[in-house]
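Worth knowing before you read on, the calculation uses all heavy atoms, side chains too, and leaves out hydrogens, waters and symmetry mates. Both ligands and their constituent atoms are indexed starting at 1 by order of listing.
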Amino acid sequence: MKKPDRIRSGYAAIAGAANSGKSALINALSCRNISPSYNFKGITRIPISSIYMTENEQVCFIDTPPLDYYEDEELFSSVDVICLTLNSTELSTKLKSPVLRSFINRNRQLPIIFVPTFIDYFPAELHGAFTNQISMSVNYQEIVPVCAPCGQGIKRLHSVILKYLPERGRLFPDGCTSLHSERFLVSEQIRISLFSVLPADIAASTAVQIEEFSIRDDKRYVRANLHVARHSNKGVVIGRKGAMLQNIADIASKGASRIIERPLYLDLWVKVRESWPENRDDLLEFGYLY
Ligand SMILES: Nc1nc2c(ncn2[C@@H]2O[C@H](COP(=O)(O)OP(=O)(O)OP(=O)(O)O)[C@@H](O)[C@H]2O)c(=O)[nH]1
Ligand SMILES: [Mg+2]
């Protein structure tokens, strides 16, 4: 059967304060674990895209670093719709936040869907109260409360996002899952694995640098350096007889193979780059500034 020529297709950015559930949301909306989501502020350092497509729709979701730290004005001005996450346990404070107010103001030409997150903290009878509270303080297009890790509200949010995407030709080729290179997606999967086994402060201060990415017989061979910010962290990342490093490599290669849909062999090395998060040149070298 011939595919329709014009479908709902476009870009939906996810913005919000640190730890408000943006990455959990992109993972739930695009049905893949592409962006590290953990209980630590500032995990997402670079915008990450994840494409969801069917015969009748193509949505490129874009997860972004917290607005408190950085705002990519160009990125937001070029999307079709913005989902603004607000932690519902801190709704009143967040709605007054100057950073958030100025973001809403600067992007008022775009549809903004307000997405109260963490609604699993409240009984269903109270969810209407979030809508009232938001509608009293800002102009809004839509309000969709969600709990991304438990899937609540995700279907509804998805259909509301679609309403704001124009009908146009297909933007992405069949099978395309992200705008990023495999190399970048693999390095983010290594970051996800760091957070799942290391203390959060050590994981957050470990940079991943892909040193070699080669392809043989459709298999990926990747050598990556894990740069810890302190000498004392090196032993923790390696673990007893290398057990922690092996664990990280196992989790990361499984996750990365799933994301890039190919077998992948990973070789990890731990290096010390003292205080790299405070050093502009190191941030540039690791791809966190550009
Ligand atoms: N209970 C509950 N936990 C949530 C919800 N949304 C996110 N989380 C958890 O909250 C933590 C932070 O979520 P993230 O998705 O990393 O938040 P973020 O906004 O991407 O954080 P940064 O990248 O640091 O800005 C993770 O442990 C998530 O599993 C939710 O609706 N309910
Ligand atoms: Mg994030």
Are any of the N/O atoms in [X] less than 3.5 Å from those in ligand 1?
{"X": "G42", "value": "yes"}
{"X": "D63", "value": "no"}
{"X": "S20", "value": "yes"}
{"X": "I43", "value": "yes"}

Counting each atom of ligand 1 from 1 as listed, which ones have a heavy atom of [X] under 4.0 Å away?
{"X": "A148", "answer": "31 (O)"}
{"X": "S37", "answer": "13 (O), 14 (P), 15 (O), 16 (O), 26 (C), 28 (C), 29 (O)"}
{"X": "P66", "answer": "25 (O)"}
{"X": "F40", "answer": "24 (O)"}
{"X": "A18", "answer": "25 (O)"}
{"X": "C147", "answer": "30 (C), 31 (O), 32 (N)"}
{"X": "A24", "answer": "7 (C), 15 (O)"}

What is the nearest protein non-hydrogen atom to [atom], stated with its residue, atom name and distance?
{"atom": "atom 17 (O) of ligand 1", "value": "G21 N, 3.1 Å"}
{"atom": "atom 27 (O) of ligand 1", "value": "N39 N, 3.3 Å"}
{"atom": "atom 6 (N) of ligand 1", "value": "P149 CD, 3.6 Å"}
{"atom": "atom 26 (C) of ligand 1", "value": "Y38 C, 3.6 Å"}
{"atom": "atom 22 (P) of ligand 1", "value": "N19 N, 3.6 Å"}

(request) Evaluate the side-chain proximity of F213 to Y221: yes if any heavy-atom separation is below 4.5 Å, no if none is. (result) no

(message) Do H127 and S88 make a side-chain contact, defined as non-hydrogen atoms from C-beta onward lying under 4.5 Å apart?
(response) no

(request) Sort out for me which residue in E285, K234, K271, Q209 forms a side-chain hydrogen bond (donor to acceptor under 3.5 Å, both in side chains) with H227. (result) Q209

(request) Of all the heavy-atom pairs spanning L75 and A13, show the shortest one and how long it is. (result)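 Closest approach of L75 to A13, heavy atoms only: CD2-CB, 4.2 Å.
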
(request) Taking all non-hydrogen atoms of both residues into account, name the closest pair between R168 and D80 and its distance. (result) NH2-OD1, 3.3 Å

(message) If only side-chain N and O atoms count, and only distance matters, is there a donor-acceptor pair under 3.5 Å linking S35 with D63?
(response)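 Yes - a donor-acceptor pair under 3.5 Å links their side chains.
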
(message) Looking only at the side chains, is there a donor atom on one of R230 and N233 sitting less than 3.5 Å from an acceptor on the other?
(response)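 Judged by distance alone, the side chains do not pair up.
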
(message) Taking 4.0 Å as the limit for heavy-atom contacts, which would you say applies to D120 with ligand 1: side chain only, backbone only, both, or neither?
(response) side chain

(message) Below a 4.0 angstrom heavy-atom separation, can you tell me which part of K41, side chain or backbone, both or neither, approaches ligand 1?
(response)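 Looking at K41 and ligand 1, just backbone atoms fall under 4.0 Å.
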
(message) For F172 and Y11, take the angle between the two ring planes, folded into 0 to 90°, and tell me which bin it lands in: parallel under 30, tilted 30 to 60, perpendicular over 60.
(response) perpendicular

(message) Can you classify the ring geometry of F195 versus Y38 as parallel (below 30°), tilted (30 to 60°) or perpendicular (above 60°)?
(response) parallel

(message) Please determine whether the number of non-hydrogen atoms from other residues, nucleotides or ligands lying under 6.0 Å from atom CD of E74 exceeds 12.
(response) no

(request) Inspect the surroundings of CZ in R101 and state if more than 12 heavy atoms from other residues, nucleotides or ligands are less than 6.0 Å away. (result) yes

(message) Show, in sequence, the C-alpha distance, side-chain angles and deciding distance for R223 and E211, and conclude whether the salt bridge (Lys or Arg N to Asp or Glu O under 4.0 Å) test is met.
(response) CA-CA 6 Å; R223 183 152 49 83; E211 184 126 300; 3.3 Å; yes

(request) Using heavy-atom distances, let me know which of F118, F195, Y121 sits nearest atom 4 (C) of ligand 1. (result) F118

(request) Nearest heavy atom to atom 25 (O) of ligand 1 wins, so pick from R45, K22, Q152. (result) K22

(request) At a cut-off of 2.8 Å, list the protein N/O/S atoms near the Mg ion (ligand 2), residue plus atom name. (result) S23 OG, T44 OG1

(message) Between R216 and D218, does any NZ, NE, NH1 or NH2 come within less than 4.0 Å of an OD or OE carboxylate oxygen?
(response) no

(request) Could you list the residues that satisfy ring-ring contact (aromatic ring centres under 6.0 Å, His included) with F184, not counting sequence neighbours? (result) H180

(request) Tell me, with the steps shown, if L100 and L86 meet side-chain contact (heavy atoms from CB on, under 4.5 Å). (result) CA-CA 10 Å; L100 212 85; L86 292 159; 3.3 Å; yes

(message) Using modelled atom types and a 3.5 Å cut-off, is there a donor and acceptor pairing between side-chain atoms of R191 and backbone atoms of I43?
(response) yes

